[in-house]
Every structure is written in C-alpha cells, then in structure tokens.
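Just so we're clear, the structure is a prediction, and the values are computed from it rather than from any experiment.
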Amino acid sequence: MRRPSGVLPHLSLFLCGLSLGASSLTAQMTPSAPVGDDTGPEVFGLAGVIQPLNNLTDNTGAYGIVMPPDVMMGGEVTYWASSAVGIGVMGLYSPATLEGVGGGPGRGLGTLGETEYLAGTVNLTFRLRSSGSAGALEPYFTMGGGLRQLKFYGAEVPKLSATDPMATAAIGVRVQLMSSLWFRGELRDMASYYISAATDASKLQNDIGVTIGFGYRYR
C-alpha cells in the first residue's frame, strides 16, 4: 500500500505548532526548572514518520527500489552527566514497504514487498539551559553512530538482510509538562553506507525522521 509523499512537511508544521503550544502552557503551569541539579537518567518513547531521501538501488533500464514514507517508532534512554551533556542509547523501528520506481517497458510500478527497518545508535546530546520560566524549555542537538539493518521480504525481492554502519545527527526541543514528565519533538538525519546484499552495490543513504514523544526524567 502506497504512503502519501507529502507527510513530512505537514508533520513538521504540526510538530512546531505542538511544541510552541506546549511551551506556552508550561510557562503558566510549571515552576522554574532547577539549573545545575538536573543529572541522572531519562527514558523516552517516541513515534513519527521516516522519509528516505533517495532510492536504495538504481538499475538503469529496469527499475529502482525505494522505501516510501512510513511510520517510525522507538525509544531512547539518556544519562545526563551534567546540566549540559548527556549520553544515550536509541532504538528505532519502521515496518516499511518497498516499491519499484522508473519501471522499464512493459513493467508497471508497484509494491515489491515488505521490509523491516531497524536502527540502534549511541548518541551524545548537548542541551541549552536557561533560568526563569523558560527553564522548562530545552532546545538540544545530538550526534552519534551505530548500525542500521534492513530485512527484505516479498515475491519480487529475495529474502535477505543488510546491516550497515550509520551516523546520525538531530535537533529538537524538550518541554517540561510536569515535575518529571517531558514532551519531545525532534528532526533527525540518519545517514547509512548502504551495501546491497543482492548486488554488492554501495551508496550513501539518507533517511529523515520526524518524531514526537513523551519521557520521564528521574530526579
């Protein structure tokens, strides 16, 4: 089943609006967050959309293979070593599909099969802290690396899997809703050096993820 290709821009606008709304509500309801005493573990669950930026494979005269936009979910555990720096472990999953693009003569486009998108990374996160009512708002950026695995299934695609190195970078914002409850919105780029298990062809693959989620920060 095809997914709409315009999901990412609309979700980005929704994410910005939701973050601003949550921030405004928090400024009225939440006391100032203590600066300098906010170390310890944090657990987040998240969900959103993944949008690959280029094809997995390109075959001139035949067809290329692409993953259309699809849902993505996962979680992250972060340990804040100081008020500014934390290290975390993230896991992501998407039940994506595979579609043919640029079909040759006599071949229509359509779904080729299913794939499981799995990724695990270790991230270093830097957050910006402020005093006063804005202390409940935490912009941040993060970078890290790990592995991405694709598992393919379908009549048109042999059953196989590929595990590739992945680098990741993200920007986002955390908004304090209650004493230990936080909302998070994030835009993440996941770059993989994809090596096809079927042809040994390699290329740089970029996947963009837009997610929102809620987490608990232990104090």
Side-chain angles (χ1 to χ4, degrees), residues 7-8 10-51 70-95 117-148 166-190 207-219:
V7 172
L8 185 57
H10 294 293
L11 188 58
S12 298
L13 292 174
F14 170 73
L15 173 59
C16 293
L18 188 57
S19 297
L20 291 174
S23 175
S24 176
L25 180 62
T26 299
Q28 303 176 39
M29 299 180 60
T30 307
S32 301
V35 177
D37 187 25
D38 205 4
T39 60
E42 174 187 271
V43 179
F44 259 91
L46 53 93
V49 169
I50 182 172
Q51 173 143 10
D70 214 312
V71 297
M72 182 172 68
M73 62 201 77
E76 183 174 19
V77 178
T78 300
Y79 181 81
W80 294 105
S82 71
S83 61
V85 180
I87 184 169
V89 177
M90 171 179 278
L92 297 170
Y93 170 76
S94 176
Y117 182 106
L118 301 161
T121 63
V122 176
N123 305 314
L124 190 64
T125 301
F126 304 89
R127 61 185 175 185
L128 304 177
R129 304 304 308 273
S130 58
S131 58
S133 61
L137 185 67
E138 290 183 358
Y140 68 90
F141 68 94
T142 183
M143 61 189 70
L147 295 174
R148 182 194 71 169
M166 183 178 77
T168 185
I171 57 173
V173 62
R174 288 169 164 84
V175 181
Q176 188 178 16
L177 302 178
M178 298 174 62
S179 175
S180 297
L181 180 65
W182 290 73
F183 165 84
R184 183 173 87 173
E186 184 180 271
L187 175 65
R188 179 175 294 268
D189 178 31
M190 297 164 284
D207 305 314
I208 298 297
V210 178
T211 60
I212 59 174
F214 294 91
Y216 184 83
R217 184 173 299 176
Y218 297 87
R219 295 183 178 277

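Between Asp189 and Thr168, the closest heavy-atom pair is O-OG1, 3.1 Å. Summarising the geometry of Thr125 relative to Trp80, their closest heavy-atom pair is CG2-CH2, 3.7 Å, with the distance given to 0.1 Å. Across Tyr117 and Ala119, no two heavy atoms sit closer than the pair CE2-CB, 4.1 Å. Listed here is the closest heavy atom pair of Ile208 and Met190: C-CE, 4.3 Å. The two residues Trp182 and Gln176 have their closest heavy-atom pair at CE3-N, 3.4 Å. Pairing each heavy atom of Phe183 with each of Leu177, the nearest pair is CB-CD1, 3.9 Å.
With sequence neighbours excluded, the residues forming a side chain to side chain contact (heavy atoms under 4.5 Å, CB included) with Phe126 are Val85, Leu124, Phe141, listed by chain and number. With sequence neighbours left out, Val77 forms a side chain to side chain contact (heavy atoms under 4.5 Å, CB included) with Val43.
For Ile171, the CD1 atom is loosely surrounded, since the number of other residues' heavy atoms within 6.0 Å does not exceed 12.
A heavy-atom distance below 4.5 Å is found between the side chains of Leu92 and Leu46.
With Ser94 contributing its side chain and Val71 its backbone, the two residues share a donor-acceptor pair below 3.5 Å.
Residues in residues 40-50 take part in these salt bridge (Lys or Arg N to Asp or Glu O under 4.0 Å) pairs, two or more places apart or across chains: Glu42-Arg174, Glu42-Arg217.
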Do Met166 and Asp207 pass the side chain to side chain contact (heavy atoms under 4.5 Å, CB included) test, and can you show the C-alpha distance, the side-chain angles, and the key distance before you say yes or no? CA-CA 10 Å; Met166 183 178 77; Asp207 305 314; over 6 Å; no
Full working for side chain to side chain contact (heavy atoms under 4.5 Å, CB included) between Arg188 and Thr211: CA-CA 8 Å; Arg188 179 175 294 268; Thr211 60; over 6 Å; no
Test side chain to side chain contact (heavy atoms under 4.5 Å, CB included) on Phe44 and Glu186; report intermediate values, then the result. CA-CA 12 Å; Phe44 259 91; Glu186 184 180 271; over 6 Å; no
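Side chain to side chain, Asn123 and Thr121 meet the donor-acceptor criterion of an N or O pair below 3.5 Å.
We find the CG-OH distance between Leu128 and Tyr140 to be 12.0 Å, quoted to the nearest 0.5 Å.
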